[in-house]
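Everything below concerns the one structure shown next.
Every chain is numbered from 1, with letters handed out A, B, ... down the list of sequences.
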2 protein chains.
Amino acid sequence: MVSTTTGRHGPETRGRILDAAEALFVEHGLEATSMRMITALAGVNLAAVNYHFGSKENLIQEVFRRRLGELNQRRLAALDQVEADAVRAGVRVKPSQVLEAFFEPSLQMATDLAHGGRIFMQLLGRTYTEPNAFVRKFLAAEYADTLERFLAALYESLPGVPREEILWRFHFMMGATSYAIAGTDALQLFAGKFDDEDPARLIPRLMSFLLGGLRAPLPDFAHSGTAEPGDVR
Amino acid sequence: MVSTTTGRHGPETRGRILDAAEALFVEHGLEATSMRMITALAGVNLAAVNYHFGSKENLIQEVFRRRLGELNQRRLAALDQVEADAVRAGVRVKPSQVLEAFFEPSLQMATDLAHGGRIFMQLLGRTYTEPNAFVRKFLAAEYADTLERFLAALYESLPGVPREEILWRFHFMMGATSYAIAGTDALQLFAGKFDDEDPARLIPRLMSFLLGGLRAPLPDFAHSGTAEPGDVR
DNA sequence: TTAGAATTCAAACGAACGTTTGAATGAGCT
DNA sequence: AGCTCATTCAAACGTTCGTTTGAATTCTAA
């Protein structure tokens, strides 16, 4: 029988498996991480995963669900706060506030060495482009409500701007954030090039970049490929 | 014997395998794509891959090398052109010109339906975060020279700006571009949300965003997390 | 036409995969 | 004590993986 909450006893086998799986998924990817690797690292029997989680797919979902729930709750709480403040002050929410409510919690989590959040956020960054269909579907479902609320808030904060453009730019911002989180050596392209990898500085760095991208002049579709807005700033 | 150029005859078995592998890698990822899937789609015998390429790893490298060489050549040619023009006019190269030389060729390739480039660029976008060590090493080596030249050009075009910040922003830009290319439904988060997926408009859209991010005010590390430059435009 | 090399093919190889089985273990309760 | 039941364990299941083999086939060149 699979215990969905905590097994009656069994010291903390479930947790050990989740932690081991999380770390190995980051290092090798979902497919390339075998049950034997997970159980070996966790120091439990091979059959323990199927006993506690039923299948590898269920384990993967559980690894994500454990962290993603808290992440999106923090995001929504931050947005609630921002919107409440705006109502109280009788002003419109600023786009930068919406962005911060969405992206800061993930960056906080990514730079939080204590709670293993850093490992998870690297995994999440990679998984955004995961080809595996069931993983994508699952993540999309987990994200749906949060994304809906943030897009609505962003639309409202930018009344003049076509929603089409806002949507695209949010998409771009998720990409930039994903890279920022996945690590400076994601592709080892930048290996050895960064002098300063202080994670505390990553947040203002990325936020400046995202805000600059969001506020950029709208594209000019007049001429085909080369979009050169002409003036700088 | 493995023929590195074109096998003497054999109609175009090598090319059929490369095309099939490319398409399947996009759809299922590198690990999840089996030799049997590849050979079945290509309509060749299972042993043909090992005969023509030696191993699955070699096949993967060949899939990337085939397209990546041309892509980086186009990038460097575009940069040469821009720098030559600047010398002739006696002015400094503009940062926007450097960005366009780097990112436009990949976007052109991504929106080029004719030559299968679109499929490859989706693959490349996903592979930037590939956990597989040998793939990352290989891609890093393929990119090294090109990246070096573009970073140097970018440093020169932005004399006042700390190189540290330029490096970070280039990293962010690669992330945004990667997402843009990987597709609007990478995570199916945005499925059904985009009214206009005209690939011709993707280029100016992304370029506007990237330039905005590059030109954003430098981050303020004074207070901890929240970087709020204060004014909007 | 014939010798020889290049390519294709069906079949099999050992290894690793996720999962299942059924017995051993051990704590909690009457 | 004895019973119960969740958990652990070693072993094996059937399947799929990448790769290899050796004989058939096809093409090239003399």
Side-chain angles (χ1 to χ4, degrees), chain A residues 1-25 27-64 130-135 138, chain B residues 1-25 27-64 130-135 138:
Chain A
M1 176 64 67
V2 173
S3 63
T4 45
T5 62
T6 74
R8 183 102 54 90
H9 33 276
E12 65 278 349
T13 304
R14 263 183 73 96
R16 310 251 313 275
I17 292 173
L18 286 172
D19 289 338
E22 196 173 70
L24 289 169
F25 288 158
E27 194 177 344
H28 303 103
L30 305 184
E31 300 264 1
T33 299
S34 69
M35 306 283 261
R36 286 164 179 84
M37 291 164 67
I38 295 169
T39 52
L41 181 62
V44 302
N45 187 271
L46 169 61
V49 172
N50 287 286
Y51 176 76
H52 284 282
F53 298 93
S55 68
K56 187 182 177 183
E57 286 207 353
N58 285 343
L59 171 62
I60 292 173
Q61 294 198 24
E62 207 56 44
V63 166
F64 281 94
E130 174 69 36
N132 187 314
F134 102 89
V135 174
F138 164 73
Chain B
M1 177 66 67
V2 174
S3 63
T4 43
T5 62
T6 72
R8 185 101 56 89
H9 35 273
E12 66 278 347
T13 305
R14 264 184 73 95
R16 308 255 309 276
I17 291 174
L18 286 171
D19 289 339
E22 196 173 71
L24 289 169
F25 288 158
E27 194 176 347
H28 303 103
L30 304 185
E31 299 265 1
T33 299
S34 69
M35 307 283 261
R36 286 164 179 83
M37 291 163 69
I38 295 170
T39 52
L41 181 60
V44 302
N45 186 272
L46 168 61
V49 172
N50 287 285
Y51 176 77
H52 283 282
F53 297 93
S55 68
K56 187 181 178 183
E57 286 207 353
N58 285 343
L59 171 62
I60 293 173
Q61 294 198 23
E62 207 55 44
V63 166
F64 281 95
E130 174 69 35
N132 188 314
F134 102 88
V135 174
F138 165 73

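- Per the geometry, CD1 belonging to B/Ile17 stands 11 Å off C1' belonging to C/dT7, to the nearest Å.
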Please report the C-alpha distance between B/Thr13 and B/Asn45 in whole Å, then the side-chain angles of each, then the deciding distance to 0.1 Å, and finally whether the side chain to side chain contact (heavy atoms under 4.5 Å, CB included) criterion is met.
-> CA-CA 10 Å; B/Thr13 305; B/Asn45 186 272; over 6 Å; no

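- In terms of phosphate contacts, A/Ser34 brings no side-chain nitrogen or oxygen within less than 4.0 Å of OP1 or OP2 of C/dA16.
- Note: NE2 (A/His52) to P (C/dT19) measures 15 Å, nearest angstrom.
- As a whole-Å value, the separation of A/Leu24 CG from C/dC17 C1' is 16 Å.
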Protein proximity profile, nucleotides 19-24 of chain D - base contact B, sugar-phosphate-only contact S, no contact -, cut-off 4.0 Å on heavy atoms = BBB---

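- Atom CD of B/Glu12 and atom C1' of C/dT8 are 14 Å apart (whole Å).
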May I have the list of side-chain donor-acceptor pairs in residues 30-44 of chain B shorter than 3.5 Å, sequence neighbours left out?
| unit_1 | atom_1 | unit_2 | atom_2 | d |
| --- | --- | --- | --- | --- |
| B/Thr33 | OG1 | B/Leu24 | O | 3.1 |
| B/Thr33 | OG1 | B/Gly29 | O | 2.7 |
| B/Ser34 | OG | B/Met37 | N | 3.2 |
| B/Thr39 | OG1 | B/Met35 | O | 2.9 |
| B/Thr39 | OG1 | B/Arg36 | O | 3.3 |

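- Using a 4.0 Å heavy-atom distance criterion, B/Thr33 is classed as a sugar-phosphate-only contact.
- Only one option out of B/Phe53, B/Phe25, B/Phe138 pairs with B/Ile60 in a side chain to side chain contact (heavy atoms under 4.5 Å, CB included); it is B/Phe25.
- Residue B/Glu31 contributes atom CD, which lies 11 Å from atom P of C/dG18 at whole-angstrom precision.
- Interatomic distance, A/Glu62 CD to A/Ile17 CD1, rounded to the nearest 0.5 Å: 11.5 Å.
- Checked against side-chain hydrogen bond (donor to acceptor under 3.5 Å, both in side chains), A/Asn132 has no partners two or more places apart in sequence or in another chain.
- We find the CD-OG distance between A/Gln61 and A/Ser55 to be 8.0 Å, quoted to the nearest 0.5 Å.
- When the P atom of D/dT8 is taken as reference, atom CZ of A/Arg14 falls 12 Å away, rounded to whole Å.
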